[in-house]
Amino acid sequence: MAKTTKQQIRVLLADDHAIFRDGLRKLLDSDEDITIVGEAQNGAECIKMLAKLKPDILLLDLRMPDKDGLAVLEEVNFDTLPTRVVVLTAAEDDRDVVRAMRLGARGVVLKQSAYRFAGEEYSSRARRRNLARQPHDCRSHESVFEVCRIRAAP
């Protein structure tokens with residue numbers, strides 16, 4: 001899908017699971033307002049890419065090798081960056097989420113929700129194409145997109 005010329009929401013994905021990053025990238029790429037500017041597979045890469053890319057949104061996994069998401073939040077001075085952080089987590093332990101929020105994260109997305117959104121979108125797309133034989137414009141998961149839009153707002 002061609003992106004429009006209006007101001008894009010620039011997103012950096014940081015997650016150690018390539019399959020998860022790929023699915024989330026495909027889901028977010030379907031929105032014309034969102035551009036994925038980079039992908040990091042660990043906390044150390046994430047920190048380097050943050051300084052270089054200065055994205056609007058960082059989708060940050062809490063559990064990664066080298067440096068986890070909490071270590072990234074502790075190390076990076078987000079007051080000097082235009083970046084808002086949304087934490088990705090599979091953990092059911094609220095303590096890490098609360099700690100991430102205290103360290104400056106602006107929102108939380110459970111990985112289970114993102115997997116469900118991606119799975120529903122892909123199965124919905126396949127069903128519609130088989131039934132209608134028409135291209136499908138992905139708009140069924142506004143909540144995932146809205147997380148990026150709302151968190152990118154000043």
Side-chain angles (χ1 to χ4, degrees), residues 1-73 76 78 81-91 97 100-101 104-154:
M1 176 184 297
K3 302 288 183 171
T4 62
T5 57
K6 71 179 187 173
Q7 184 68 31
Q8 295 288 296
I9 298 168
R10 302 173 66 251
V11 177
L12 171 61
L13 301 176
D15 193 290
D16 58 321
H17 295 99
I19 291 172
F20 181 80
R21 283 194 323 269
D22 183 56
L24 193 55
R25 179 181 3 91
K26 287 177 181 175
L27 183 63
L28 293 173
D29 271 345
S30 68
D31 189 291
E32 65 185 28
D33 296 336
I34 297 172
T35 299
I36 306 300
V37 295
E39 296 181 30
Q41 62 184 352
N42 60 54
E45 277 185 12
C46 176
I47 290 170
K48 289 177 187 173
M49 294 178 89
L50 275 169
K52 180 180 175 184
L53 300 172
K54 295 180 175 55
D56 300 312
I57 297 287
L58 167 60
L59 293 176
L60 178 65
D61 185 11
L62 283 182
R63 301 279 177 237
M64 292 185 293
D66 295 332
K67 289 181 191 247
D68 66 14
L70 292 171
V72 171
L73 287 168
V76 175
F78 285 95
L81 293 172
T83 307
R84 304 273 167 45
V85 180
V86 175
V87 170
L88 301 169
T89 184
V97 172
M101 299 300 279
R106 298 282 184 110
V108 177
V109 173
L110 292 176
K111 283 187 170 185
Q112 296 88 325
S113 298
Y115 281 126
R116 188 180 75 244
F117 292 146
E120 288 173 3
E121 175 54 32
Y122 296 136
S123 64
S124 171
R125 215 181 259 186
R127 266 194 312 275
R128 287 184 182 146
R129 284 190 178 145
N130 287 337
L131 292 174
R133 295 288 181 206
Q134 295 176 0
H136 174 60
D137 183 18
C138 174
R139 292 287 176 227
S140 60
H141 303 299
E142 294 301 321
S143 60
V144 173
F145 304 126
E146 288 305 309
V147 168
C148 288
R149 284 192 190 94
I150 291 166
R151 300 306 173 204

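All of these numbers come straight from a predicted model, not from anything done at the bench. The analysis underlying the following values was restricted to heavy atoms, covering all of them including side chains, and did not include hydrogens, waters or symmetry mates.
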What's the spacing between [X] [atom1] and [Y] [atom2] if we round to 0.5 Å?
X     : Y      : atom1 : atom2 : result
Thr35 : Ile57  : OG1   : CD1   : 12.5 Å
Leu53 : Thr83  : CG    : OG1   : 9.0 Å
Leu27 : Asp22  : CG    : CG    : 11.0 Å
Thr89 : Leu110 : OG1   : CG    : 7.0 Å
Ile9  : Glu32  : CD1   : CD    : 11.0 Å
Leu88 : Phe20  : CG    : CZ    : 5.0 Å

[X] and [Y]: which non-hydrogen atoms are nearest, and at how many Å?
X     : Y     : answer
Leu28 : Leu13 : CD1-CD2, 4.2 Å
Gly69 : Met64 : N-CE, 4.2 Å
Phe78 : Leu73 : CE1-CD2, 3.9 Å
Ala14 : Leu58 : CB-CD1, 4.0 Å
Cys46 : Val72 : SG-CG1, 4.1 Å
Leu12 : Pro55 : CB-CG, 3.7 Å

For a 4.5 angstrom cut-off between non-hydrogen side-chain atoms, does [X] reach [Y]?
X      : Y      : value
Leu62  : Leu70  : yes
Val76  : Val85  : no
Val108 : Met101 : yes

Using the test side-chain hydrogen bond (donor to acceptor under 3.5 Å, both in side chains), find all partners of Glu39 that sit at least two apart in sequence or belong to another chain.
-> Arg21, Arg25
Which pairs with one or both residues in residues 9-18 pass salt bridge (Lys or Arg N to Asp or Glu O under 4.0 Å), sequence neighbours excluded?
-> Asp15-Lys111
